[in-house]
Structure formats: structure tokens, C-alpha cells
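Below is one structure, written out as C-alpha cells; the observations come after it.
To find a chain, count down the sequence lines: A is the first, B the second, and so on, and within it residues start at 1. Predicted, not measured: the structure shown is a model, and the values here were computed from it.
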Protein chains: 2
Amino acid sequence: MINLTTRQSEIFEFIKKEIESNGYPPTRSEIAKVFGFKSPNAAEDHLKALKKKGVLNIVSGASRGISIIKEDLGIPVIGLVSAGGPILAQENIEKRIPSSQNILSHGVDFYLRVRGDSMIEAGILENDLIAVNKKTQIKEGAIVIARINDEVTVKTLKSISPDLVILQPENSNYSNIEVNPKTEDLAFEGTCVGLLRDFA
Amino acid sequence: MINLTTRQSEIFEFIKKEIESNGYPPTRSEIAKVFGFKSPNAAEDHLKALKKKGVLNIVSGASRGISIIKEDLGIPVIGLVSAGGPILAQENIEKRIPSSQNILSHGVDFYLRVRGDSMIEAGILENDLIAVNKKTQIKEGAIVIARINDEVTVKTLKSISPDLVILQPENSNYSNIEVNPKTEDLAFEGTCVGLLRDFA
DNA sequence: ATCATACCTGTAATTATATACAGTATTAAT
DNA sequence: ATTAATACTGTATATAATTACAGGTATGAT
């Protein structure tokens, strides 16, 4: 999608909200009123711009003939992460789950399919999907998605300090991973905010 | 919902279809045209009838001010099950999750909040929500929701025969539950088809 | 038998709405 | 420096749309 301006985003979001709450789209005048425009033509201009940018469709002559073009790709499900590249690279995306179906309380940036049994004692099994939020502040005690030298792993963050990060598997067969961020390549991809298991 | 007449259903379905495909509701004239009415007032009459029957809402004065009232209550989340009564009794329903948000591959009849730690070795922890399907055939090896003498429990179904049902907890601290369906009150509420954990 | 409801036609008026045209000011790109 | 895009005001008008009123017919219920 071509980037919308701040104003255009506001208008676009308003239209979406109206459709959601009323069940039908707003008129030019309604938009103008809400945004304080003194002319419905201001809204008309915005609609034309939004149509041009391909985010909505306008049926000429029809009242409220506005419909949003949903290009909502949904929340990506990350399968096996290939070494190198960013975690959200196209080749890692297994499928997408519509974001409207997000029933978790936190925002979910992506789902990661769990490989291995290192977290079974935390009730996280192989093939489960863990919901990951990228923005949540990384905290000790949380279950985090870390990348160590191109290896992506899910572990409990035991402790964090400038020269020592301890990642703890939740499986007594495995031992803690100790990383020195100064000498090793360590990045946090996000925090686990949910879990999804499908008994297919 | 009060029963709609055949004609009313046709009109109602058409309106829903229009909203789905166009993104906005039809006008009286559009309805009239599609159904061959020679007057938009025929459509008006139908809309009034449909409003009276509570299936849609009409905003007076607004063009296309039609919205369908969704009676979809969503999938119930069952908290603590009170002894006696059916599992889906009103007093057991903690909240509802819109069925449109169901991302699991099987149909989900309700979610059950897990109490206790008897299934931790199957990765099912306290407070997780397990998605339950009532219709799936109860099979050995599946995780089932059983009711034994008014006690609702989640266990793996180890074996089933006319006079002995063995339910296995997935926690080595607990031992198997053996029930004779002929002498004890045993009912299967459904099969676990998914799991949802929210790190709130 | 009468009444309510469903299901229409036909007309018409008010209002809601889209949308063109003519401007103005600001900002980002070439 | 000029052009294009953004973000509006202000006016005007054709037409889209709601919706009332006045009928008509058929059907099932009281």
C-alpha cells in the first residue's frame, strides 16, 4: 500500500470505524462534520486521494458508495526460520491468520511455530504457535524470542545485564544458555504473549 | 428471532449479500429493482417488517441507513462448572468469544477454562482455555472432557469398554481414574480440539 | 364476517448526497 | 524555481434516496 498521509489515515480509520459501528459508510458531509471541515468537498478530495492510493473504492453516484479494499494480509505465521535475513522475511512465512481473529489481549505481530521440546515444562510443545509481540519491553521472567548468531530460539529470560544474558529452557534435560551480548550476536525478536494449539 | 416469511427472508438475505459484496447496504429502489417491485415503497414495507421483527435496524433519514443486527452471541467460555445442571448453563458462562474469531480447524462448541494441574505433561496448564467440540466421535487416545458424578474433568481417554472407562491424567503425581459407566454417572461433554493461552 | 398481516402499485414531496467548479495556502518533490 | 500534491473554503446543482399517503389483493386467524 502506498503510504497515506496522517490526515488521510485519520479519514481512512474514521471510515472503517463508521462501517464497523454503524454497518454502513459515512457521507461526505458526515466526514466533514466530524473533522470540522466547512465544506463536504474537503471530504470529497480526501476520498479521491484515498481511492487513488487504492485503499478504498468509490461507486460513482451511489450515496455512501464507499467500500474499503481489504488488503489485510493478516498476522504471519513463521515456520522454520532460515538463517540470516529478518525473521519476517517472505520465505519464512508459512501462512497468515487474519488479524480480526486475534482473540488475545495483547497485540500480536506474528505467530512462531515451535520447534523442539525445550519449553515443555512451561506447557509449550512442538508445533504450538506462540503469539509474539515485538514492542513489549523485554523483562526478566518473560518468555522471549531471541536470536543468537542467526539461531532463533524461545526461552525464559532468566536475567539480563550488559555482559551476560541468561536464557533458560523449560526442560530439565537442557541447560541454560549464557550469552555475552558484547561478543556474540544477540537480538530479541519479541515477547511471547499467547499460545495457540490446534489438535488437527 | 421471530420467524420471517419466505419473502422477508429473501429480502433479508439480499441485504446481507449486498453488504457483503458491496460494502454498503442497498437503497429501497435497488431492492425494488432486484425483486421486480414497481414501487420503492414495497421495499420500504419489507424493511419496516424486518425492523419490527428485530433482524435489522433502520436509521431514519439516512440513505442506506440499514444495518443487520447480528444475533451471533459467540462461543461461550465456561469458567467453573457448578455441580448439577448442564455444562452450558448460563451461570457457568464466563464470557463469549465471537465465533468469527475461531482460528482452529475444528468447530468449537465452547471453551473450557482449565482448573488444576492434572494435564501439565500434555502442555495443558491451569487457566488455559481448551477448545471443545461436542460432536466429534470420542476416541481412545484423545483428550476428552468427561463428567463423572457431576464433576467435570479433562483427561486423556486411555481405554473405553462397556464396563470400564480409564481416564488418564497427564501428570505423574496423579493416577488413572477408572469408572464403570454402569454403576457410575459418566458422560462425555466433548473432545479437546484446541488450546488457547493468553499471557495477560 | 371481520381484522390483522403480508405484499404489493403509484405518486409525490422533502431531504440527503454526490460532486463539479472556482479559489487559497502550505509543503514536498524535480 | 516550478510543479505536483496536500489540505482545505465556499457555492451550487442535479440526482439519489427516504418516506408519507392513498390505494389494491390475498390469506389466515379470531
Salt bridge (charged side-chain N to carboxylate O under 4.0 Å, His left out) partners of residues 169-178 of chain B, not counting sequence neighbours, each pair once: none
Applied to residues 6-15 of chain A, the salt bridge (charged side-chain N to carboxylate O under 4.0 Å, His left out) test, sequence neighbours excluded, yields Arg7(A)-Glu10(A), Glu13(A)-Lys16(A)
Taking NZ from Lys33(A) and P from dC8(D), how many angstroms apart are they, rounded to a whole number? 18 Å
What pairs of donor and acceptor atoms, side-chain ones from residues 112-132 of chain B against any protein atom, are under 3.5 angstrom apart with sequence neighbours left out?
residue   : atom : partner   : partner atom : Å
Arg113(B) : NE   : Glu94(B)  : OE1          : 3.2
Arg113(B) : NE   : Glu94(B)  : OE2          : 2.9
Arg113(B) : NH1  : Asn127(B) : O            : 2.9
Arg113(B) : NH2  : Glu94(B)  : OE2          : 2.9
Arg115(B) : NH1  : Asn127(B) : OD1          : 3.2
Asp117(B) : OD1  : Tyr174(B) : OH           : 2.5
Ser118(B) : OG   : Lys155(B) : NZ           : 3.1
Glu121(B) : OE1  : Ser172(B) : N            : 3.4
Glu121(B) : OE2  : Ser172(B) : N            : 3.0
Glu121(B) : OE2  : Ser172(B) : OG           : 3.3
Glu126(B) : OE2  : Gly116(B) : N            : 3.3
Asp128(B) : OD1  : Arg197(B) : NE           : 2.8
Asp128(B) : OD2  : Leu125(B) : N            : 2.9
Asp128(B) : OD2  : Arg197(B) : NE           : 3.2
Asp128(B) : OD2  : Arg197(B) : NH2          : 2.9

Mark up nucleotides 17-30 of chain D, 5' to 3', with B wherever a protein heavy atom is under 4.0 angstrom from a base atom, S wherever such an atom reaches only the sugar-phosphate, and - elsewhere. SSBSBB--------
Sequence neighbours excluded, the answer for side-chain contact (heavy atoms from CB on, under 4.5 Å) partners of Val59(A) is Ala62(A), Tyr24(B)
Could you check Lys38(A) against Ala49(A) and say which one's nearest nucleotide on DNA chain D is further toward the 5' end? Ala49(A)
For Asn171(A), check side chain to side chain donor-acceptor pair (under 3.5 Å) against everything at least two apart and list the hits. Asn173(A)
Return the set of residues passing side chain to side chain donor-acceptor pair (under 3.5 Å) with Glu140(A) (not counting sequence neighbours), or none when no residue passes. none
Donor-acceptor pairs under 3.5 Å, side chain of residues 160-169 of chain B to any protein atom, not counting sequence neighbours: which ones?
residue   : atom : partner   : partner atom : Å
Ser161(B) : OG   : Leu164(B) : N            : 3.4
Ser161(B) : OG   : Leu164(B) : O            : 3.0

Answer yes or no: does a side-chain N or O of Gln8(A) lie under 4.0 Å from OP1 or OP2 of dA7(D)? yes
Distance check: side-chain N/O of His46(A) vs OP1/OP2 of dT6(D), anything under 4.0 Å? no
Rounded to 10°, the helix from dA1(C)-dT30(D) to dT30(C)-dA1(D) deviates from straight, judged by its five-pair end axes, by 40°
Per the side chain to side chain donor-acceptor pair (under 3.5 Å) rule, what does the pair list look like for residues 57-66 of chain A, sequence neighbours excluded? Glu30(A)-Arg64(A), Ser63(A)-Ser63(B), Ser63(A)-Arg64(B), Arg64(A)-Ser63(B)
Going 5' to 3' along DNA chain C, which are the first and last nucleotides with any atom under 4.0 Å from a heavy atom of chain A? dT17(C) to dA22(C)
Can you list, pair by pair, the side-chain donor-acceptor contacts under 3.5 Å of residues 39-47 of chain B, counting residues two or more places apart and other chains?
residue  : atom : partner  : partner atom : Å
Ser39(B) : OG   : Asn41(B) : N            : 3.0
Glu44(B) : OE1  : Arg28(B) : NE           : 2.8
Glu44(B) : OE1  : Arg28(B) : NH2          : 3.4

Is any side-chain heavy atom of Thr156(A) closer than 4.5 Å to a side-chain heavy atom of Ile143(A)? yes
